[in-house]
J.: 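Provided herewith is a single structure, encoded as structure tokens, for subsequent inquiry.
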Amino acid sequence: MNNLFIIIYYRTFAYLTIRDRLPTILTKVIDTIHRNKNKFFEEHGEEGVEAEKRAISLLSKLRNELQTDKPVLPLSDGLLDMEQWNQYVERQQALLDGDEAPSWFKSPWLYMECYMYRRIQESVKLNPPICDFDVFEEGKTHSFFESQQAIMAICTYLQGLHKNMEDLSEEQLLEQFLKLLQVSLWGNKCDLSISAGQDNSQKSSPIDSLETLKHMILVDDSRLVWSMLMNSRAAGGPVKPVARVDIVLDNAGFELVTDLVLADFLVASKLASEIHFHGKCIPWFVSDTTRKDFEWTMRQVQSANHKWMSKCGFQWQGYMKQGTWVYHDHPFWTLPHEFCDMSKDAPDLYAKLQKSDLIFFKGDLNYRKLTGDRRWDYTVSFNKVLRGFQPAPLCSLRTLKADVQVGLRPGQGEKLTATDPDWMTSGKYAVIQFSSPYNE
Ligand SMILES: O=P(O)(O)OC[C@H]1O[C@](O)(CO)[C@@H](O)[C@@H]1O
Ligand SMILES: [Mn+2]
């Protein structure tokens, strides 16, 4: 198989990301820290201001390393995942011939992009007392508030469903399942890393646009996902759901709300008995969900000045209290590893996922890690590229924002390239791709 996306392929999306988008993101991070100087002073006095200066100097150094293609340096912050990161750095070194060191423009894209976010974390962590500052928090909360109308619309829709959930026929249930799955899918358009931190929020009601967006879904395995859920429901009897569903979350803001709405529907319709959410341990790819974002979102929805939105918030809090919903995080999600390495590099997480009946992987970065971010032929099967990563039946819900795509029909990719050359990176197209270890 062709090598990973090595960044020296000029004009590739990978190259442009490292050359243009990542320095922009770093500049914004530096600016955010600087703008918070007064806050640091109020909270920690002079010590806070000193920490702010040191963090900015580390981040400026990082930006310079990136822009001048310096070698990748080992981490030194002593955090739990430091050793694993440094071993990975050595592994990459071993892959290169002779004594050439891996550097920003001469390494796999996935690795360098993850590495940048981990170095941002290091720059902050090394500087107490501001070491818990989330440099992306402002952007995430802003994007939540910018999507208020859409959030209200979807919460109102969900509460409408709640009223007659019990009376829905199987066909009606399927129809609603497909709708909410697509809402969660298109929620993935709203990430802040592809837009280099620029507002990218959902303004209109997501339900209304589903029909027009349908033809942009290049692979739609949603009926296979449905069958899977129905089978496990049948196994538990009509009123006793047995399915444990895991959602590997992606972005906070509107996307997270769409995931919570889907999770609520699965529980309320008795398609699932428990939902396990998986978030990031550190601020990641600008808008990814951390525990703090998850809890903040729950509180915001609950305290909203909108009847149906706050009703959702109270229900969701209830699910958390009862243990019907559980939130997890694990350092593996913020390592650069492909998921086929999980059973070896994070066996505890793999074992946890094996308890699931269905795992949703949200978003583009998860897709890149599922597929190993390689230049696969478009028609290679999704099952094959997982290369043994099959803890349980799984489904990727992803809008395309990176040039890797598998599981297409013959000619489909070529046709898209001819008609819409940016189809793989514009975020306009999407896939719902399913794989199960049980139907090989
Ligand atoms: O939030 P998502 O869907 O994972 O998207 C983030 C994507 O944006 C990018 O940063 C674009 O470079 C990709 O690396 C990443 O896959
Ligand atoms: Mn993301």
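Read the numbers this way: they start at 1 and go in the same order the structure lists the ligands and their atoms. Side chains are part of it too, since the values below use all heavy atoms of this structure and drop only hydrogens, waters and symmetry mates.
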J.: Mind checking whether W325 and Y319 have parallel, tilted or perpendicular rings, split at 30° and 60°?
T.: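 Correct class here is tilted.
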
J.: For L365, is at least one N or O under 3.5 Å away from an N or O on ligand 1?
T.: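 In this structure, L365 places an N or O atom under 3.5 Å from an N or O of ligand 1.
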
J.: Under the criterion ring-ring contact (aromatic ring centres under 6.0 Å, His included), I'd like the reasoning laid out for Y117 against F285: C-alpha separation, chi angles, the key distance, then a yes or no.
T.: CA-CA 7 Å; Y117 289 97; F285 278 69; 4.5 Å; yes

J.: Can you tell me the N, O or S atom of D250 that's nearest the Mn ion (ligand 2)?
T.: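 Of the nitrogen, oxygen and sulfur atoms in D250, the Mn ion (ligand 2) lies nearest to OD1.
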
J.: Could you tell me whether the side chains of Y157 and Q176 share a donor-acceptor contact shorter than 3.5 Å?
T.: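 Side chains of Y157 and Q176: pair found under 3.5 Å.
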
J.: Tell me which part of R398 gets within contact of ligand 1: side chain, backbone, both or neither, using heavy atoms under 4.0 Å.
T.: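 It is neither part, as no heavy atom is under 4.0 Å.
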
J.: Using distance alone, determine whether W109 and ligand 1 share an N or O pair under 3.5 Å.
T.: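 So ligand 1 has no N or O lying under 3.5 Å from an N or O of W109.
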
J.: So, of the N/O/S atoms that D288 has, which is the nearest one to the Mn ion (ligand 2)?
T.: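 Restricting D288 to its N, O and S atoms, the minimum distance to the Mn ion (ligand 2) goes to OD1.
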
J.: Quick check on contacts: which atoms of ligand 1 are under 4.0 angstrom from a heavy atom of N251?
T.: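 Result: 1 (O).
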
J.: Which class fits the ring pair W296 and F145: parallel under 30°, tilted 30 to 60°, perpendicular over 60°?
T.: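 The arrangement is perpendicular - the two ring planes meet at more than 60°.
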
J.: Of all the heavy-atom pairs spanning V135 and T32, show the shortest one and how long it is.
T.: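 The answer is O-CG2, 3.7 Å.
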
J.: Under 4.0 Å from any heavy atom of R21, which atoms of ligand 1 are there?
T.: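 By the 4.0 Å cutoff, the relevant atoms are 10 (O), 11 (C), 12 (O).
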
J.: Any N/O/S of N251 under 2.8 Å from the Mn ion (ligand 2)?
T.: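 Here the distance criterion (N, O or S atom, under 2.8 Å) is met by N251, so yes.
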
J.: Which ligand 1 atoms does D250 reach within 4.0 Å, using its non-hydrogen atoms?
T.: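 Contacts of ligand 1 toward D250, numbered from 1: 1 (O), 2 (P), 3 (O), 4 (O).
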
J.: When you check the side-chain N and O atoms of Y429 and Q405, is any donor under 3.5 Å from an acceptor?
T.: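 Per modelled atom types, Y429 and Q405 side chains form no pair under 3.5 Å.
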
J.: How does D364 reach ligand 1, by side chain, by backbone, by both or by neither, if only non-hydrogen atoms under 4.0 Å count?
T.: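 For D364, backbone and side-chain atoms both sit under 4.0 Å from ligand 1.
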
J.: According to the interplanar angle, ranging from 0 to 90°, do the rings of F332 and F339 count as parallel (below 30°), tilted (30 to 60°) or perpendicular (above 60°)?
T.: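 F332 vs F339 ring planes: tilted.
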
J.: Could you pull out, from K362, R368, K189, the option with a heavy atom nearest to atom 14 (O) of ligand 1?
T.: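 Shortest heavy-atom distance from atom 14 (O) of ligand 1: R368.
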
J.: Are K362 and D259 ion-paired here, with the side-chain N under 4.0 Å from a carboxylate O?
T.: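 Salt bridge present between K362 and D259.
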
J.: At a non-hydrogen distance cut-off of under 4.0 Å, which region of F285 contacts ligand 1 (side chain, backbone, both, or neither)?
T.: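 Within the 4.0 Å criterion, F285 contacts ligand 1 through side-chain atoms alone.
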
J.: Quick check, are the ring centers of H330 and H278 under 6.0 angstrom apart?
T.: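 No: the rings miss the under 6.0 Å criterion.
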
J.: Backbone or side chain, does any N or O of N188 fall under 3.5 Å from an N or O of ligand 1?
T.: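 Yes, at least one N or O pair falls under 3.5 Å.
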
J.: As an exercise, identify every atom of ligand 1 less than 4.0 angstrom from a heavy atom of G363.
T.: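 So the atoms of ligand 1 that pass are 3 (O).
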
